[in-house]
Amino acid sequence: MVEKKNLKFDCSEWSLQFIEEPFKLFKLRDVFADPKHVEKLKKEVDCLSFSHKNPSSLQELVNDEFVEEKYKELIVESIEQNGVIMMQNFLKSSFFEAISDELDSSSVLWIPQGPSNRKKYEIADLKKLPPKTKNLITYFQSNFMCSYLESISGLKFYKKITGREYVHLMIMEIQSWRRGCYSIMTHDDSNLMSASLDVLLFFNVANDSVESVGKNTSNVAGNIYYCEKESVAVCRVDISIYTPDTSNKDKHACQNGMYELFKYFPLYKNVILIQNIFFLAYKFCVSESDSVSQKCQAILKGNSQVSCVPVIDSADCAIKLIDKKADFGVFSAEDAFFVANQINDKVNVIGELRNIERWNETYAFQTAVVVRNNHNGGFGGLRSTNYCHPGFGDGQFWTDRVLKEFESIVVPRICNSNKSTTESEIASLSDFFKSACRPGQWAYDALLDKKLKKKYSSLCALCDSPGRCSYNENYKGSQKETLSCLTKIDGGDVAYVALEDVQEYFGLLPNARPAKANSTDYKFLCTDKSYQPLKNPCTWINQRWPVVVALKEKAVALKSSIVNDFLCKRNDCRGKWQEAFTLLFEKTDQVFTPVSSKDDNLLKFVNEARTIPTDREEDPCKDKSVRLCTVNSAEFAKCSWLKQAVISEGIEPKLNCIEGYNMWSCFDRIMKSQADIIGIDTDFTFIAKNSFNLSAVIYQDSNNNDAFFLIVPIIKANSNIKSLADFKNKRISFPEFDGLAWNAFVAVTKAYSVLPKKCPYFNAVSSFVKSACAPGVYDLNHKYFNSTVPENICSLCAKMTNNSSGECPANSSNKYFGDLGALRLLLDDESDVAVVDYRRLFTKENVFRTPFNTSLYRILCKDGKVKPLGSYAEIETECALSFGVAAEIISRSSIRKSERRDITELLLKMDDRFGARLSSWDNPIMMYRPFNGTAGLIFKYLAFRVGSPESQNPIRNQSNKAIQSDPSNTLNCFPEILIKSI
């Protein structure tokens, strides 16, 4: 054994930790669980820090087929299905034989391992290895190998601790096994994490001299494995890579899994065996915020059997359950309705999280309809009566689906094509009831909301404050005030309210306060049109508690483990991982209530309380949906989940999804009224308008400056260009014809009376510049005119892009297409000016996507000032040719006013319910966040809310404002340039 006193500690880089002896790993793991232990660790542990560069002679080591993409796909499939793969002839033969010879030589120092009651074999001293073997070690430490293992296993070996980045945590051993060697399968379980990858590379074992490994024996407690041939040394490179952001694995699963592994995989010469064992712990869906909290870190303590799986929202958890990347999760009652159809075949209900003071109550809440005792005539008899409603708005924890349940059944819907869906709903209520108090927000567009309350004022006439449409100045309403509306003199005739509030208000609960009204003067109206006294309630909606579901194959065992092992009283497990799990699983006012196996079907479970919402066939306004066109299968999948969320929440109008195969096909479908909307980058605004007659109906806003485009001309530092007028007879590159940069250039040069007065504008540009690169000018999707395009409009890049995609194409076959392409033309000294969206030249880390010497170039402001190339944030908007919001939702320019309102209302309602203002666990699906791992689907990744074009925003498109007010703008060929001010 190596003497500890001879070891030196050097971990200045803290990039990759190399531990020689297993007993030291568990101390290092404590660093990840508690960063405060770092200083203590430095005094006790030896580690080698290195830069893990790729070996220079990589091609001499590994056979090429193992890194080919088609072969890697088979490897990934095998690991996903079986958790393990065995690959023969991994190393090239010459290299493998050289290492085998070195391992057989006397140049390797072998160190016995113990203690004997747990293991017996020898390991090589890794500090004293012969050259070829040392080269192999370097290879396994390389970025290439770590990236390769990540790509085939699905694990990520990155973890940030106390501001430093730990790249890969490894235990690496070269082991020598002879007859009598053994190891208990769980000898170092306390040191291992549940998310891990075992890589075993076998040497010096002849095919005819190997017996099965993994025999179960009784000489040592537990399962052991050993090699029988005394004359042959079995030398292994045994590498275990651990990710410290999850918990310890289940010991029993490890025993069984590892025993089966070695039982069925005999050791062969030059074989690498890779086993993914990160599935051995129960993986629990937690919100992203919780996943980085101390609770998830604390779950790593001890022999935890639970690991945190961060999810964005309920949809993300459902997808991870479907893909078996998670084992169990908690869904609110509403979200259980939302995901039930998608995950029912994969999961079972194992319990509910009930209120700790109401743990014996079946439902979280129930709704009821109360009428005066003299009411008769069922639903029809409610016409021309007075209606009290609890109200809408942020203060309501009920969804629109619940709040409108009574209205949707009782009130006939009158659908008018000249009215928006929202106005049709309000008009139907106004036509049915004589008066009402329906407080709160009727429409999410403030102007429309104000207009509707003025036009249909009878629906506010019963309120305490009719002008504000509120109860006692409480704008959003409340349950108790709804009952006061019903029972006051000249009050309502019918009220829709929570059952518990009815019972409390009328003094019907045990130990209740005195009744505020006589219960015999009122009765319940039931869904079957019958009546019940208030002492014998009937309900309209029964809402379940939050539901806990688990994968079917793990549900029974997991339910038992949660009850018996995982949960604990707050003071009974202080400092243990169970305390962290209990705090994470049960909120402070919740208690886990198991569900019997006969009630574990999710669809059946939620349907017993409420019917899962679907599009109602009897809805006369069902055809008034907003059809969203998607450009690929990933967008269509996200849209389908959003559609179900809209239905579950009771949002109107409905959302429907239309499949397109790219943006252009969607433009065409919308133009032909086969779809209604699509989300686009503002780069395509003018093409959509000029070629397809589409325009913005709503903008995707953001609080991030990077979400705003910034069009600037970039010139060479030694250029003689001093003003916009100096662009004359110069070579100019644009990202795309009729895009933002092109139109900003045309708009500003015209505003400054520099551009000749010619129509169409490419003729004006052609006579002004010497030559240009405007990709797409000959493309049918860009060409909305019949005139012949002057040759010099795309001569710069057409002569240099020898491709088969046509002349001057607007796609990736043209290396000068896009903002980087326009800049590249300038860098190649083929252009004098590049007009680009400056934002697109940078990565998320605010560095240039294409490295170049920025000191050789400058930005020319529209007022003639010259600025150095700095970060995006350093360029003033006043300098730019144009700036504004970078994404929008577009539709047909010819849509009716009612259709436009339907679109804006739907998107604003979705933004309110599925937008960024809520935390992830309060949200069924977060519309602006990545979906199933992909960002920017439907809505741009920088968007955090949508804002109507009429809304106010400090960002203004100043150049557009100047153009629109320019009295000299006498040419009628000028399009409506740039984004409207918002």
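To the nearest 0.5 Å, atoms OH (Tyr471) and OG (Ser478) are separated by 8.0 Å. Here the OH-CG distance, from Tyr505 to Leu483, works out to 6.0 Å after rounding to the nearest 0.5 Å. Taking CG of Asn360 as the reference point, atom CG of Asn355 lies at 10.5 Å (rounded to 0.5 Å). A distance of 10.0 Å separates CZ of Arg900 from CD1 of Ile698, quoted to the nearest 0.5 Å. Rounding to the nearest 0.5 Å places CG of Asn656 at 8.0 Å from SG of Cys639. Between the NE2 atom of His375 and the NZ atom of Lys523 there is a distance of 7.0 Å, given to the nearest 0.5 Å.
No donor-acceptor pair closer than 3.5 Å links the side chain of Gln479 to the backbone N or O of Asp501.
The side chain to side chain contact (heavy atoms under 4.5 Å, CB included) check on Glu608 picks up Arg544, Lys604, with sequence neighbours excluded. Legend: residues meeting side chain to side chain contact (heavy atoms under 4.5 Å, CB included) with Gln503, ordered by chain and number and at least two apart, are Leu499, Leu508, Leu509, Pro537. Looking at residues two or more places apart in sequence or on another chain, you find no side chain to side chain donor-acceptor pair (under 3.5 Å) involving Glu905. For Lys419, there are no salt bridge (charged side-chain N to carboxylate O under 4.0 Å, His left out) partners at least two apart in sequence or on another chain. Evaluation of the side chain to side chain donor-acceptor pair (under 3.5 Å) rule for Arg901 yields no partner, not counting sequence neighbours. Looking at residues two or more places apart in sequence or on another chain, you find a side chain to side chain donor-acceptor pair (under 3.5 Å) between Ser530 and Asp528. Applying the side chain to side chain donor-acceptor pair (under 3.5 Å) test to Lys535 and every residue at least two apart in sequence or in another chain returns nothing. With sequence neighbours left out, the salt bridge (charged side-chain N to carboxylate O under 4.0 Å, His left out) criterion links Lys529 to no other residue. Legend: residues meeting side chain to side chain contact (heavy atoms under 4.5 Å, CB included) with Glu649, ordered by chain and number and at least two apart, are Thr399, Ile651, Arg913, Phe914, Pro924.
At a threshold of 4.5 Å between non-hydrogen side-chain atoms, the residues Val371 and Tyr531 count as touching. You'll find the side chain of Asn373 stays beyond 4.5 Å of the side chain of Thr520, heavy atoms only. Contact annotation: the side chain of Lys516 never approaches that of Thr487 to less than 4.5 Å [non-hydrogen atoms, C-beta and beyond].
Ring centers of Phe566 and Phe585: at least 6.0 Å apart, outside the cut-off. Two rings, from Phe365 and Trp398, have their centers less than 6.0 Å apart. Residues Phe581 and Tyr282 place their aromatic rings such that the two centres sit no closer than 6.0 Å.
Counting only residues at least two apart or on different chains, the side chain to side chain donor-acceptor pair (under 3.5 Å) pairs with a member in residues 558-567 are Ser560-Asn564. Applying the salt bridge (charged side-chain N to carboxylate O under 4.0 Å, His left out) test to residues at least two apart or on different chains, the pairs with a partner in residues 348-377 are Glu352-Arg354, Arg358-Glu361, Arg372-Asp493.
Using cut-offs of 30° and 60° on the angle between ring planes, the pair Phe284 and Phe328 is parallel. Using bins of under 30°, 30° to 60° and over 60° for the plane-to-plane angle, the ring pair Tyr928/Phe939 lands in the perpendicular bin.
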* Does the pair Cys308 and Cys296 meet the rule for a disulfide (SG to SG under 2.5 Å), with working shown? -> CA-CA 6 Å; Cys308 293; Cys296 266; 2.0 Å; yes

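Minimum heavy-atom separation, Asp400 to Gly650: CB-O, 3.6 Å. When every heavy atom of Ile562 is checked against every heavy atom of Ile350, the shortest pair comes out as CD1-CD1, 3.8 Å. Nearest heavy atoms, Val549 versus Ile343: CG2-CD1, 4.4 Å. Between Val411 and Ser428, the shortest heavy-atom distance links the atoms CG1-O, 3.7 Å.
Electrostatic pairing of Arg610 and Glu405 does not count as a salt bridge here, judged by no charged N lying under 4.0 Å from a carboxylate O. A salt bridge links Glu423 with Lys455: the closest approach of a Lys/Arg side-chain nitrogen to an acidic carboxylate oxygen falls below 4.0 angstrom.
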Show the atom names and distances, to 0.1 Å, of all donor-acceptor pairs under 3.5 Å that link a side chain in residues 429-438 to residues at least two apart or in another chain.
{"unit_1": "Ser430", "atom_1": "OG", "unit_2": "Ser458", "atom_2": "OG", "d": "3.3"}
{"unit_1": "Ser435", "atom_1": "OG", "unit_2": "Asn386", "atom_2": "OD1", "d": "2.5"}
{"unit_1": "Arg438", "atom_1": "NE", "unit_2": "Glu407", "atom_2": "OE2", "d": "2.9"}
{"unit_1": "Arg438", "atom_1": "NH2", "unit_2": "Glu407", "atom_2": "OE1", "d": "3.0"}

